[in-house]
Engineer: 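Below: one structure in structure tokens.
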Amino acid sequence: MDSFAARKHQVVSSLVEALDSERRDKSPKGFIDAPILDLIHIINRHPNYYTTSSCSGRVAVYCEGFQDDKSTTKGGIWLYVTHDPVTIPQDANDDWIVHLLFGSDRRVVRNNSSATAKDILNKQMVYFKFEPLILHVESASLEASMRLNSLAFQAGYQNSGITPSKTREMLAIRSTHKIDTPIGYVDANGDIQCLVDPTYLFLLLRMSNAKFTQNTERMKVFEEMMEKEVQGSVTRVETKEQRRERKRKEGMERQKTATKANSMVDIDFTDLNLEEQE
């Protein structure tokens, strides 16, 4: 087994597809996002590819870390994360959206900041994010990476590209329809100062739900394209042993054809009435 096949076997055999108290992957939730499972299975069935990490898409609120005396950023935390569209109740009010996105661990102060923009830049910022599907894939060759990159572009993942590596052929599949905007900061008391009003937070959430729909539609298109690619690979890709056997059978078939052709040359001329030409 070559190094690519060995790595693929190790990764694919250790996939955690659901919450498991005894097994976790390296992601914060510990298992693969359900919406992306079908696509991962299809890609991993192709002999030239396997997925190394993935995210089906998410809405998140992230509080960046603080910088210590050595200018090293530490302690960033996720205040809110979901991998599904958010259902907004009909009676949802300002308190509902603020509590949903910022949580209850810190006090959230609204419309009460006297800090200047220059001051805020030096604070721990809080960001609202929508991040679409992202897949990292290892390929068996550069040619295989280029083929997959082309398919990803056709499916709408126009921010995809081959990742430089000295030892492996890696590809990142991703699109551009994302949201990443500051909505608050952490003040000197440890409270979150909200920079926008709740109406704007509702707008961001509804925009994200619309992008989730686009994300799902694009993922289905890519699934269909990859399924066709996998089916085609059955006839295109073969091992050395399979190629040797195919060549042997082709040689035997050519030999049979040549033998049959030679036997057709032995024609009996005794019954033909041929006149000699003078």
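One is the number of the first residue; the rest follow in order along the sequence.
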Engineer: Do you know which two heavy atoms are closest between D119 and K123, and how far apart they sit?
Structural biologist: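 Shortest heavy-atom separation between D119 and K123 comes out as O-CG, 3.5 Å.
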Engineer: Counting distance only, does the side-chain N/O of N215 pair as donor-acceptor with the main-chain N or O of L133 below 3.5 Å?
Structural biologist: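 Yes.
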Engineer: Please report the C-alpha distance between V126 and F102 in whole Å, then the side-chain angles of each, then the deciding distance to 0.1 Å, and finally whether the side-chain contact (heavy atoms from CB on, under 4.5 Å) criterion is met.
Structural biologist: CA-CA 9 Å; V126 178; F102 294 106; 3.9 Å; yes
Engineer: Under 4.5 Å between side-chain heavy atoms, counting indirect links through other Ile/Leu/Val/Met/Phe/Trp/Tyr residues: same cluster for L203 and F128 or not?
Structural biologist: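 The answer is yes; both residues are in one hydrophobic cluster.
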Engineer: Quick check on the hydrophobic clustering: are V11 and I36 connected, directly or via other members, by side-chain heavy-atom contacts under 4.5 Å?
Structural biologist: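 In one cluster with V11: I36, no.
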Engineer: If you take all heavy atoms of T163 and A172, which pair is closest and at what distance?
Structural biologist: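 So the two residues come closest at OG1-N, 4.0 Å.
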Engineer: Search all heavy atoms of R58 against all heavy atoms of V81 and return the closest pair with its distance.
Structural biologist: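 Distance-wise, the nearest heavy atoms are CD-CG1, 4.3 Å.
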Engineer: Does C63 reach the side chain of Q124, with side-chain heavy atoms less than 4.5 Å apart?
Structural biologist: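 Answer yes - side chains close enough.
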Engineer: Please list, chain by chain and in numerical order, all residues satisfying side chain to side chain donor-acceptor pair (under 3.5 Å) with S139, sequence neighbours excluded.
Structural biologist: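 Side chain to side chain donor-acceptor pair (under 3.5 Å) list for S139, sorted by chain: S145.
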Engineer: Would a hydrophobic clustering, with Ile, Leu, Val, Met, Phe, Trp and Tyr connected at side-chain separations under 4.5 Å, put L142 with M170?
Structural biologist: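 L142 and M170: separate clusters.
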Engineer: Closer than 4.0 angstrom, basic N to acidic O: yes or no for R174 and E131?
Structural biologist: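 Result for this pair is no, no salt bridge flagged.
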Engineer: For the CG atom of N48 and the CZ atom of R147, what is their distance to the nearest 0.5 Å?
Structural biologist: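 Spacing of CG (N48) from CZ (R147) equals 11.0 Å.
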Engineer: Which one of D95, D91, I97 satisfies the side chain to side chain contact (heavy atoms under 4.5 Å, CB included) criterion with N93?
Structural biologist: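 Of D95, D91, I97, side chain to side chain contact (heavy atoms under 4.5 Å, CB included) with N93 is met by D95 alone.
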Engineer: Determine whether Y157 and M219 satisfy the following criterion, side-chain contact (heavy atoms from CB on, under 4.5 Å), listing intermediate values before the conclusion.
Structural biologist: CA-CA 9 Å; Y157 296 106; M219 186 162 43; 3.8 Å; yes
Engineer: Check whether any side-chain heavy atom of F222 sits under 4.5 Å from a side-chain heavy atom of I42, and report yes or no.
Structural biologist: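 Not in contact.
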Engineer: Not counting sequence neighbours, which residues clear side chain to side chain donor-acceptor pair (under 3.5 Å) with D187? List them please.
Structural biologist: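 Side chain to side chain donor-acceptor pair (under 3.5 Å) list for D187, sorted by chain: Q193.
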Engineer: Take atom CZ in R206; do more than 12 heavy atoms of anything else shown fall under 6.0 Å from it?
Structural biologist: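 No - once you tally the heavy atoms of other residues, nucleotides and ligands closer than 6.0 Å, there are 12 at most.
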Engineer: Hey, would you say the F4 and Y50 ring centroids sit under 6.0 Å apart?
Structural biologist: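 Yes; Y50 has its ring centre under 6.0 Å from that of F4.
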Engineer: Minimum heavy-atom separation for P89 and W96, please, with both atom names.
Structural biologist: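 The answer is CD-CZ2, 3.4 Å.
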Engineer: Is there a side-chain contact between S54 and I40 in this structure, where contact means two heavy atoms from C-beta onward sitting under 4.5 Å apart?
Structural biologist: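 Answer yes - side chains close enough.
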Engineer: Is there a continuous path of hydrophobic side-chain contacts, each under 4.5 Å between heavy atoms, that joins F153 to I162?
Structural biologist: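 F153 and I162: separate clusters.
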Engineer: Quick check: do L195 and I183 have side-chain heavy atoms less than 4.5 Å from each other?
Structural biologist: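 They are not in side-chain contact.
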Engineer: Give me the ring orientation class for F130 and F212: parallel if the planes are under 30° apart, tilted from 30 to 60°, perpendicular past 60°.
Structural biologist: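 Rings of F130 and F212: perpendicular, as their planes differ by over 60°.
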Engineer: Heavy atoms only: give me the nearest G156-R218 pair and the separation to one decimal.
Structural biologist: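 In this case the closest contact between G156 and R218 is O-NH1, 3.2 Å.
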Engineer: Heavy atoms, side chains only, cut-off 4.5 Å: are R106 and V186 in contact?
Structural biologist: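 Contact flag for R106/V186 side chains = yes.
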Engineer: Is the closest side-chain heavy-atom distance between R45 and Q231 below 4.5 Å?
Structural biologist: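 Yes, side chains in contact.
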Engineer: Does the pair M125 and I120 meet the rule for a side-chain contact (heavy atoms from CB on, under 4.5 Å), with working shown?
Structural biologist: CA-CA 8 Å; M125 300 301 297; I120 293 173; 3.7 Å; yes
Engineer: More than 12 foreign heavy atoms under 6.0 Å from OH of Y200: is that the case here?
Structural biologist: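 It does not: Y200 OH has 12 such atoms or fewer within range.
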Engineer: At what distance, to the nearest 0.5 angstrom, does CG of L171 lie from CG of L151?
Structural biologist: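 The distance works out to 10.0 Å.
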Engineer: Does the side chain of L148 come within less than 4.5 Å of E169's, by heavy atoms?
Structural biologist: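 No, side chains not in contact.
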Engineer: State plainly whether one hydrophobic cluster holds both L39 and I134, where clusters connect Ile, Leu, Val, Met, Phe, Trp and Tyr through side-chain heavy atoms under 4.5 angstrom apart.
Structural biologist: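 Different clusters: L39 never reaches I134 through Ile, Leu, Val, Met, Phe, Trp or Tyr contacts under 4.5 Å.
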Engineer: Between F202 and I88, which heavy-atom pair has the shortest distance, and what is it?
Structural biologist: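 Closest pair (atom of F202, atom of I88, distance): CE2-CG2, 3.9 Å.
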Engineer: Atom CG of L135 and atom OH of Y49: how far apart are they, to the nearest 0.5 Å?
Structural biologist: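 Result: 13.0 Å between the selected atoms.
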Engineer: S150: what forms a side chain to side chain donor-acceptor pair (under 3.5 Å) with it, not counting sequence neighbours?
Structural biologist: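 S150 satisfies side chain to side chain donor-acceptor pair (under 3.5 Å) with Q154 once adjacent residues are dropped.
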Engineer: Any side-chain heavy atom of P132 sitting closer than 4.5 Å to one from Q214?
Structural biologist: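 Side chain of P132 against side chain of Q214, heavy atoms only: no contact under 4.5 Å found.
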Engineer: As an exercise, state the distance from OG of S53 to NE2 of H136, rounded to the nearest 0.5 Å.
Structural biologist: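 If I round to the nearest 0.5 Å, the distance is 5.0 Å.
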Engineer: Can you tell me how far the CE atom of M226 sits from the NE2 atom of H46, to the nearest 0.5 Å?
Structural biologist: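 Going from the CE atom of M226 to the NE2 atom of H46 covers 5.5 Å.
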Engineer: State whether the side chain of N189 and the backbone N or O of D191 hold a donor-acceptor pair below 3.5 Å, judged by distance alone.
Structural biologist: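 No, because the side chain of N189 does not come within donor-acceptor range (under 3.5 Å) of the backbone of D191.
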Engineer: Using 0.5 Å steps for rounding, measure from the NZ atom of K129 to the CG atom of L204.
Structural biologist: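 The CG atom of L204 is 12.5 Å from NZ of K129, to the nearest 0.5 Å.
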Engineer: Which is it for K178 and N159 under the side-chain contact (heavy atoms from CB on, under 4.5 Å) test, yes or no, and what are the steps along the way?
Structural biologist: CA-CA 11 Å; K178 64 179 183 178; N159 200 30; 5.8 Å; no
